[in-house]
Trainee: 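Following this message is one structure expressed as structure tokens.
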Amino acid sequence: MFTGIIESVGSVKSMQSTGGDIRLTIESDGLDFNDVKLGDSIASNGICLTVVAFGSNYYSVDVSRETIARTALEELKTGHVVNLEKAMLPTTRFGGHIVAGHVDGVGVVSKLQQDARSIYIEIEVPQELAHYTATKGSITVDGISLTTNLVRDNVVSLNIIPHTAQITNIGKHWLVGSKVNIEVDVVARYLERLLNKSQAGEVNTSNPQSQITEGFLAENGFMK
């Protein structure tokens with residue numbers, strides 16, 4: 001699990017095709033490798049990837065065809081800057097939100113402009129993911145935990161403060177038309193699952209009082 005708080009950025013050292021998959025090597029002078037081990041998970045632009053080799057300032061991962069198809073990874077080139085976060089520890093300060101590192105789809109930056117000291121950005125998320133987003137909710141973009149300003153249909157608007165732009169790849173690579181990895185709030189997915197099961201009469205039929213309904217969620221502040 002991750003929090004969406006970026007620890008450092010790295011750069012793509014190499015991308016090697018290996019039988020249809022990709023061996024990706026990322027180097028970073030800012031990431032602490034002292035506690036990195038083989039098999040550890042590192043979120044790279046929001047994609048949870050398993051370390052298969054590493055050194056004092058780099059790590060390598062194998063990327064499957066499934067991951068390639070579902071993410072913007074093919075947009076990466078040698079030298080491209082990526083956002084990095086190691087898997088969280090039980091003692092980690094939880095500064096962002098619950099992030100699984102499982103990319104749900106690819107969004108496209110449709111608007112980007114200066115807004116005082118911030119950067120105002122609009123991102124078109126895949127239509128099938130739009131209903132998981134909410135105004136003032138959480139969304140993960142390229143591994144960054146961000147709060148949505150407003151949601152209109154499948155367009156999410158965000159304001160990026162100077163600090164976030166500086167320590168991530170936003171200020172380095174994001175342009176109108178850029179493709180970005182999107183992970184929606186995992187809580188929204190579980191709520192949808194519970195609601196669907198409730199409507200189908202499948203939720204704990206031995207105790208009907210425990211069923212979760214839209215009315216229950218609205219009364220308790222989970223829905224507007």
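For clarity, every value in this text was computed on a predicted model and none was experimentally measured.
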Trainee: Would a 4.5 Å heavy-atom cut-off, applied to side chains only, mark W174 and V141 as touching?
Mentor: yes
Trainee: Which distance, rounded to the nearest 0.5 Å, do you find between the CZ of R23 and the OG of S14?
Mentor: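 Spacing of CZ (R23) from OG (S14) equals 9.0 Å.
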Trainee: Keeping N154 on the side-chain end and V125 on the backbone end, is there a donor-acceptor pair under 3.5 Å?
Mentor: yes
Trainee: Using modelled atom types and a 3.5 Å cut-off, is there a donor and acceptor pairing between side-chain atoms of T71 and backbone atoms of T67?
Mentor: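 The answer is yes, because a donor-acceptor pair under 3.5 Å joins these two groups.
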Trainee: Below 4.5 Å, heavy atoms only, C-beta onward: do M1 and I98 meet side chain to side chain?
Mentor: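 Contact flag for M1/I98 side chains = yes.
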Trainee: Between V82 and I68, is there shared hydrophobic-cluster membership here, with clusters defined by ILVMFWY side-chain heavy atoms closer than 4.5 Å?
Mentor: yes
Trainee: Would you say S28 and Y59 are linked by a side-chain donor-acceptor pair, where the criterion is simply a distance under 3.5 Å?
Mentor: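 Result is no, nothing qualifies.
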Trainee: Please say yes or no: joined through hydrophobic side-chain contacts below 4.5 Å, possibly via intermediate residues, are L146 and V155 part of one cluster?
Mentor: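 No, it is not one cluster - the side chains of L146 and V155 are not joined through contacts under 4.5 Å.
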Trainee: So does D104 pair up with R70, basic N to acidic O under 4.0 Å?
Mentor: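 Here D104 does not pair with R70 in a salt bridge, since their nearest N and O are not under 4.0 Å apart.
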Trainee: Does the pair E74/K179 count as a salt bridge with the N-to-O cut at 4.0 Å?
Mentor: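 No, no charged N to carboxylate O under 4.0 Å.
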Trainee: At their closest point, which heavy atom of V156 faces which heavy atom of T148, and how far apart are they?
Mentor: CG1-CG2, 3.3 Å
Trainee: Between atom OG of S145 and atom CZ of F2, what is the distance when rounded to the nearest 0.5 Å?
Mentor: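 Here the rounded value is 13.5 Å.
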Trainee: Starting from L73, can I reach I26 by hopping between I/L/V/M/F/W/Y residues whose side chains sit under 4.5 Å apart?
Mentor: yes
Trainee: Checking side chain to side chain donor-acceptor pair (under 3.5 Å) for the pair N181/N45: CA distance, chi angles, key distance, verdict?
Mentor: CA-CA 7 Å; N181 295 316; N45 267 9; 5.9 Å; no
Trainee: What's the separation between atom OG in S118 and atom CG in L158, rounded to the nearest 0.5 Å?
Mentor: 11.5 Å
Trainee: Are any side-chain N or O atoms of K13 and backbone N or O atoms of G79, one a donor and one an acceptor, separated by less than 3.5 Å?
Mentor: no
Trainee: If we ignore angles and hydrogens, is there a donor and acceptor under 3.5 Å between the side chains of N83 and E7?
Mentor: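 N83 vs E7: no donor-acceptor pair found between side chains.
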Trainee: Does the S157 side chain pair with the main chain of L150, one donor and one acceptor, at a distance under 3.5 Å?
Mentor: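 Answer holds: yes.
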Trainee: Would a single hydrophobic cluster contain both V180 and L49, if residues Ile, Leu, Val, Met, Phe, Trp and Tyr are joined by side-chain heavy-atom contacts under 4.5 Å?
Mentor: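 L49 does not cluster with V180.
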Trainee: For G101, is there any backbone N or O sitting under 3.5 Å from a side-chain donor or acceptor partner on E183?
Mentor: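 Confirmed, E183 side chain pairs with G101 backbone.
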Trainee: Provide the closest heavy-atom pair for H173 versus S178 in the form atom of the first, atom of the second, distance.
Mentor: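 So the minimum-distance heavy-atom pair works out to O-OG, 3.3 Å.
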Trainee: Is a donor on one side and an acceptor on the other found under 3.5 Å between the side chain of S41 and the backbone of A87?
Mentor: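 A pair under 3.5 Å: no.
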Trainee: Can you tell me how far apart CD1 (I22) and OG (S60) are? Round to the nearest 0.5 Å.
Mentor: 13.0 Å
Trainee: Which heavy atom of V61 sits nearest to which heavy atom of T50, and what is that distance?
Mentor: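 Reported closest heavy-atom pair: CG1-O, 3.2 Å.
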Trainee: Would you give the length of the straight line joining atom NE2 of H102 to atom CD1 of I47, rounded to the nearest 0.5 angstrom?
Mentor: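 Here the interatomic distance stands at 11.5 Å.
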Trainee: May I ask you to test the I123-I182 pair for a side-chain heavy-atom distance under 4.5 Å?
Mentor: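 In short, these two side chains touch, coming nearer than 4.5 Å.
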Trainee: A cation-pi test, strictly: NZ or CZ of K111 under 6.0 Å from the centre of the six-membered ring of Y120 and no more than 45 degrees from its axis. Yes or no?
Mentor: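 Relative to the ring axis of Y120, which defines the angle, K111 lies outside at least one limit.
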Trainee: Could you check whether any side-chain N or O of E85 sits under 3.5 Å from a backbone N or O of T3, counting only pairs where one atom can act as donor and the other as acceptor?
Mentor: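 Side chain of E85 to backbone of T3: a pair is present.
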Trainee: Tell me, do S44 and L84 make a side-chain contact under 4.5 Å, heavy atoms counted?
Mentor: yes
Trainee: Under 3.5 Å, side chain of D40 to main-chain N/O of K37, donor-acceptor pair present?
Mentor: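 Yes, the answer is positive, given that a donor and an acceptor are paired below the 3.5 Å cut-off.
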Trainee: Without hydrogens or angle criteria, can the side chains of H80 and E75 be said to hold a donor-acceptor pair below 3.5 Å?
Mentor: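 No - no donor-acceptor pair under 3.5 Å links their side chains.
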